[in-house]
Every structure is written in C-alpha cells, then in structure tokens.
Amino acid sequence: MVRYSEYFLTTLKEDLSNKEIASYSLSHRAGLIRKIASGIYAFLPLGYRVLKKIENIVREEMNRAGAIEMLMPAVQPADLWVESGRWQIYGPELFRLKDRNDRDFCLGPTHEELFTSLAHVDIKSYKNMPLNLYQIQVKFRDEIRPRYGILRAREFIMKDAYSFSSNEEDLDIIYNKMFEAYCRILERLSLKYFPVEADTGLIGGKSSHEFIILAGSGEDELLYCPECGYAANYEMAKFTPSQKKNGNIETPQETKEVHTPSIANIKSLSAFLNVPAEKIIKTMLLKDNDGNLFYVLVAGNREINIQKVQNCAGTALELIDSQTDDTGIAIGFIGPLGLDKNVRVYADNSLKGSVNMVAGANKKDYHIKNVCPGRDFNPDIWGDFSFPLDGDLCSVCGKPVKFEKGIEIGHIFKLGTKYSEKMDAMFLDSNGKLNPIIMGCYGIGVSRILAASIEQLHDDKGIIWPLSIAPFMVNLIAINMEDVKIAEAAEFIYSELAGAGIEVLFDDRNCRAGVKFKDSDLIGIPVKVVVGKNFLENKKLEIELRKDSGKIALDLENTIKFIKEYPQNNLF
RNA sequence: CGGGGUGUAGCGUAGCUUGGUUUAGCGCGCCUGCUUUGGGAGCAGGAGGUCGGAGGUUCAAAUCCUCUCACCCCGACCA
C-alpha cells in the first residue's frame, strides 16, 4: 500500500518542550499532527488515515441507525443566531467575523441554527418526519484555554446529528437508536466508556446522556455505582449524602448566639468554634432575574450545586457574594433563622436530621449555635442541592459510589421545541394544525476520539492502536535493504501482502533495523512482519504483535493467513 | 479577564543575573563520503540563526529599558 521512503511520515525522537499529556506528546512524535496555532492543528497523512477510519466507523453506525448524511457550511450568518437568541447569549467562545460588506458571520461551534432553519424551509408536514440528518464537519470554539493538543482544540471535527419528529414517541425512538449507535461506535473503537446521565439544564427535556471515556487525565468527573451500574455526570449525579454516625444520638440544645468577629467562612468558623465543618450550616444567597432571593442551605463540608438549585427553581440564578453584594445583607453571617416569608429557603438533604448545628445569625460578626432544622426553621424545600463526596451512597441501590475521571466524547440531547419555536420551524399535523417540530441533537467528537484512544491505549514505547482505527494493519520491516536478497524478498512479500488486500506500510528505508522497530512501536502499528536472515535461511517471516510483543515465525502463506484471521479474534 | 512564565537553526536547549572573550555554543534531525546493518550506529566533512518584532539607552545589546506580538502555565463563583 505505502512505501515509507515515498510516504510523508516524520517521527521525532525528542519530545515537545510542553509535554502536557501522553496523547499529545505521542501524536506529535508519531507524526500524526502538527500544531499550527494555539488550539489549531494539521493532520499529517498518518493522522489523517486514523481520522478517516474513525469517521467511517461513525458514518457506518449513523447510517445503520437510519440517519442521513449531508453537509452544512462551517461559516454561518449571524441572522440565524440572532433569531435563536444565541448571538446575544453566546460569549466570546463564538468566533465572530465580518465579510467585506460588514455583515456578521460566525464560525459554527455547533449547527442547531442551520439545521432548524433547513427544517423551517423544507419540512412542512408530519409526513416528512421522523427524520435524522447528520454531518461530519469542522467546528470552531474559541475556548478560554485550549490545551492537551487535539483533545481540547479550538478547531475540531465533530459528527453532529439533528432529528426532527412530530411527536415525543418518535423522538424517543431516535434518541434510543442514537444511544445504541454511540455504544456500538465506542465498542468498535475498543474504548472503555460510560454512558452517563447528564444535565438537561433549564432547557428541560426528558433526558440527556454524555458518553465518557475513562482516562486519568480527563477533565470530566463522573460518579458511578459499582453495584448497580448507575452512572452520572458529577455535576448532576443523584446520591444520598452519607450521615456521619457518632454512635450516640445528640440531644438538641438551646440555641445560643455567639460572637464571631470577622469569621466569615466555613474554614475559619470551624477552627474558631472548634466544630467540624459538617456541623455548620453553609448558607448561600442566590437571586433570580427579578431580584427574588433564594437562601440555599448545605452542610459546611459540602459545596452547593447551583445547577441543581436552578433546575429545582426552574429559573436562572446568580450567586450573590461579597463582591457583587448590593443587598445590605451581612454576607458571611447569613443563616436560615428569622428570615422574611417572601424569601425561599432550599435545604440540601445533607442537613436532614441534623441537630445542634452552627448557622449565621443574619447579623454581622455573629453566629448561632445548636440550630436544629425542623425545630428552629423549616425550609420551603428539602432536596439535592450539592455535589457528591467520597463515602456518599448510590441513590438507586444505597451502596457507596465511586468517582472516575474521563473525557467527554459524545453527548445526546432531547432538544424538544426550543429551537423550532424560536425559529418558526413548524409542521402541519394530521388534523391540519401547526405545531413546532420536536428536535433532538446528537454529537460525537471525531478528532477528540483520536486523542482519547491514544490516551487510553499506549505504553512507554508509543501508541497501541486498536485494529479498527490503526493507520496500517502491518508494518513490513526489511532488516537490511542493502542486502540484495533481503531487499528482493521484502519487495516480493510487500506485493503479496498488498495483493492480499492487507493495509501494509513497507519500511524500505535504508537504515538500521533498530530505527525501524522503534518507529513501528511509536506509531503503533498492530503487526510487524520482519524480513531478515530467518527468511533467507528458513523461508520464515517473523510476526511481532504491538500489544504484547508476542512473536511467531511463519512462512509467507501462513503469514498472510494469520494476518487475515487476526482481526476476527482480536480488537487490538 | 486576573496572575505568572517563555520566545535563541526544523525540534530540544546553553548563554541573559554582572553588556565586550561568541565568528551566538551544544544535542537531535538534515546533507555528503566511508564504514556499519536484528531494537533510535561510528568517523570525517557540511548546510542552516536578521537571538519573536519595533523603538530606546550605550563606543558596544541575545544580554539593560519601553512598547508590541506570539506561545505556555495557574486561576476565574463555594459565606
């Protein structure tokens, strides 16, 4: 297929100055990618081969699931974004540009607007649906801080699908098909992954799942239960707060005001009063757009999860802190006692059944001891408003949960009518009535998969590609091209392997064998076929496997047979 | 956006504190020749730098000052 001497492949012995993480260092050293600018990369021929293979797996599974491929432009006119309201909402992450006539455009970070606008023009009737359209496209997000090479780039390649249906049932069917397709994709890539419940936020919708690939260097944290298999994004994970058992049950005491001068945070309060943080009621002050106040209570050792509070309140909330404070309230000394009836008090489950707690006195430099929820105050709502901690229990089966780091590789989402309503994408139902189209969107990071695969599968010698996306199946190594007999034999074997339909990289360079072996391991080709003395003397080729360095010697015919059968029994 | 750091050959770097001994050094890679050829070879020779850019100080600037650009790191709500 390819001769090394005629190919464009440059490997590097030395590392980058900025090593960051294995996948970046290796994809650079192995000649897969080159950095062009911050967060912007070129795919070199070898990397592009891998990318194409990933794309094809994604494409095959999307087609199998009934989605239809098309292609939208990467540059999008601003008016569509104004229509959806996101031109205003989207921050500096949206890469905006103007044309020569000063018209506004952006580089698409995602394509809801374009697909919804297409639906507006071309979907008129319930008879046109259900429909699921997808593309494999370049996206651009001007990230705050691009890092980890291609794992978190500003320009990246993504498959995004958008579904259109006339009823919730059809949406559910497509959603489930996409869920299954994503599982199939990740399994074909031999990646360890978790489908995880994700936040649907204020948009609502029944469900959303993220597909997380396990990797220690990942930026996403997930919670899972080894017992029952429940898994969720750290941000929205349901759990039961563990209650510290002190053995004897505490008797509720009388409340007592204590002077706590300038002790305005949990850490110093805990030290000042000599009580553990979990015995303190942390009170956070939030407000909605109309200025309504929300007091959110959580155990002092925990952190409030504003997203969960928002989901419960059904409105966007903003934290009021000492920097932004304009309420005249003694931030740092607020508490649940003696509050106006018109403020809402939300209490986290971690405070349920607690007694003799310390809380702010709503008076500068004072706290109150021995506060008992239920006796001294009653919150409007008890609920889950915090992040899980080590030792917390699974909300499904009650067993202790575990945490794992990972990389988000895919996200599927029931959009509902959010975009179709704003952008007037309506259809006529069987009764002749106009309704907004019900949508879903389904994304998977194609270029991110490349990096994540390396992150998950490599050793100190280099990359270990799974067979499904290895740039080549076989690296044919001629031990010494100056030896005419070996060179001739290698040429013959090369044409035999290529003729048998095997993807082979023929390392025909006139260099020492060691260089070829090191390079082969670095770029991670699954099977090495070595032509050397053993072939001249015994007509035997040596086969060495990248994954475990296993070696066997076979004649040419059996080598081809072995290679052809190898993928049937192995993933990598 | 806030704080910090770095820009010297394709890559990795030394030199900068204390300006002149540097014709800017070294390793990898690259080119030529000879030797070598089973896990990143050896010897010999060679090409490649406006020291990120602009201005300034000075007899003299990679080195000091100012501005600028690029890249990188850390942080960006937790009473």
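Labels below follow one simple rule: chain letters A, B, ... track the order of the sequence lines, proteins then strands, and each chain is numbered from 1.
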Integer angstrom distance from the C1' of rG12(B) to that of rC71(B): 16 Å

Side-chain heavy atoms of Pro373(A) within contact of Lys352(A), under 4.5 Å: no

Proximity to the side chain of Lys13(A) - top-ranked nucleotide from rU37(B), rC77(B), rG29(B): rG29(B)

Distance-only donor-acceptor check, side chains Glu482(A) and Asn510(A), under 3.5 Å: yes

rA9(B) versus rG33(B) - spacing of their P atoms, nearest Å: 28 Å

Presence of Lys516(A) side-chain N/O under 4.0 Å of rG39(B) phosphate oxygens OP1/OP2: no

Integer angstrom distance from the P of rU50(B) to that of rG25(B): 14 Å

Ile479(A) CD1 - rA41(B) P separation (whole Å): 13 Å

Canonical and wobble pairing (Watson-Crick, G-U, under 3.5 Å) of RNA chain B, dot-bracket with |: (((((((..((((......[....)))).((((((.....)))))).....(((((..]....))))))))))))....

Atom pair distance, as rounded to whole Å: NE2 in His28(A) and C1' in rC71(B): 14 Å

Nucleotide nearest Lys282(A) (side chain, heavy atoms from C-beta), chosen from rU36(B), rA79(B), rC74(B): rA79(B)

Parallel, tilted or perpendicular: rings of His259(A) and Tyr366(A) (30°, 60°): tilted

Touch class at under 4.0 angstrom, heavy-atom based, for Lys533(A) against every strand present: base

Sugar-phosphate, base or nothing in reach of Ile266(A), heavy atoms under 4.0 Å: sugar-phosphate

Euclidean distance for P, rC65(B) against rU18(B) (whole angstrom): 10 Å

rU58(B) versus rU13(B) - spacing of their C1' atoms, nearest Å: 30 Å

Shortest side-chain distance from Ser38(A), nucleotide among rU37(B), rC72(B), rC28(B): rC72(B)

Residue from Asp348(A), Asn349(A), Asn301(A), Asn305(A) passing side chain to side chain donor-acceptor pair (under 3.5 Å) with Ser386(A): Asp348(A)

Geometric cation-pi criterion, Arg448(A) with Phe156(A): 6.0 Å, 45°: no

Sub-4.0 Å heavy-atom contacts from residues 346-381 of chain A onto RNA chain B, ordered by number: none

Neighbours of RNA chain B within residues 539-558 of chain A, by heavy-atom distance under 4.0 Å: Glu542(A), Glu544(A)

Distance, P atom - from rA44(B) to rA61(B), rounded to whole angstrom: 37 Å

Sugar-phosphate, base or nothing in reach of Asp519(A), heavy atoms under 4.0 Å: base

Sugar-phosphate only, base, or nothing, as touched by Val298(A) at under 4.0 Å among non-hydrogen atoms: nothing

Student check: side-chain heavy atoms of Leu467(A) and Tyr566(A) closer than 4.5 Å: yes

Sugar-phosphate only, base, or nothing, as touched by Arg509(A) at under 4.0 Å among non-hydrogen atoms: nothing

Side chain of Asn480(A) - closest among rC71(B), rC77(B), rU37(B): rU37(B)

Candidates rC28(B), rC78(B), rA79(B) - which lies nearest the side chain of Ile304(A): rC78(B)

Distance, P atom - from rC64(B) to rG20(B), rounded to whole angstrom: 11 Å

Atom C1', compared across rU35(B) and rC26(B): separation rounded to whole Å: 26 Å

Listed nucleotide nearest any side-chain atom of Leu285(A), set rA79(B), rC74(B), rG39(B): rA79(B)

Shortest side-chain distance from Arg512(A), nucleotide among rG40(B), rU37(B), rC73(B): rU37(B)

Base of rG29(B) paired with side chain of Glu14(A) (donor-acceptor, under 3.5 Å): no

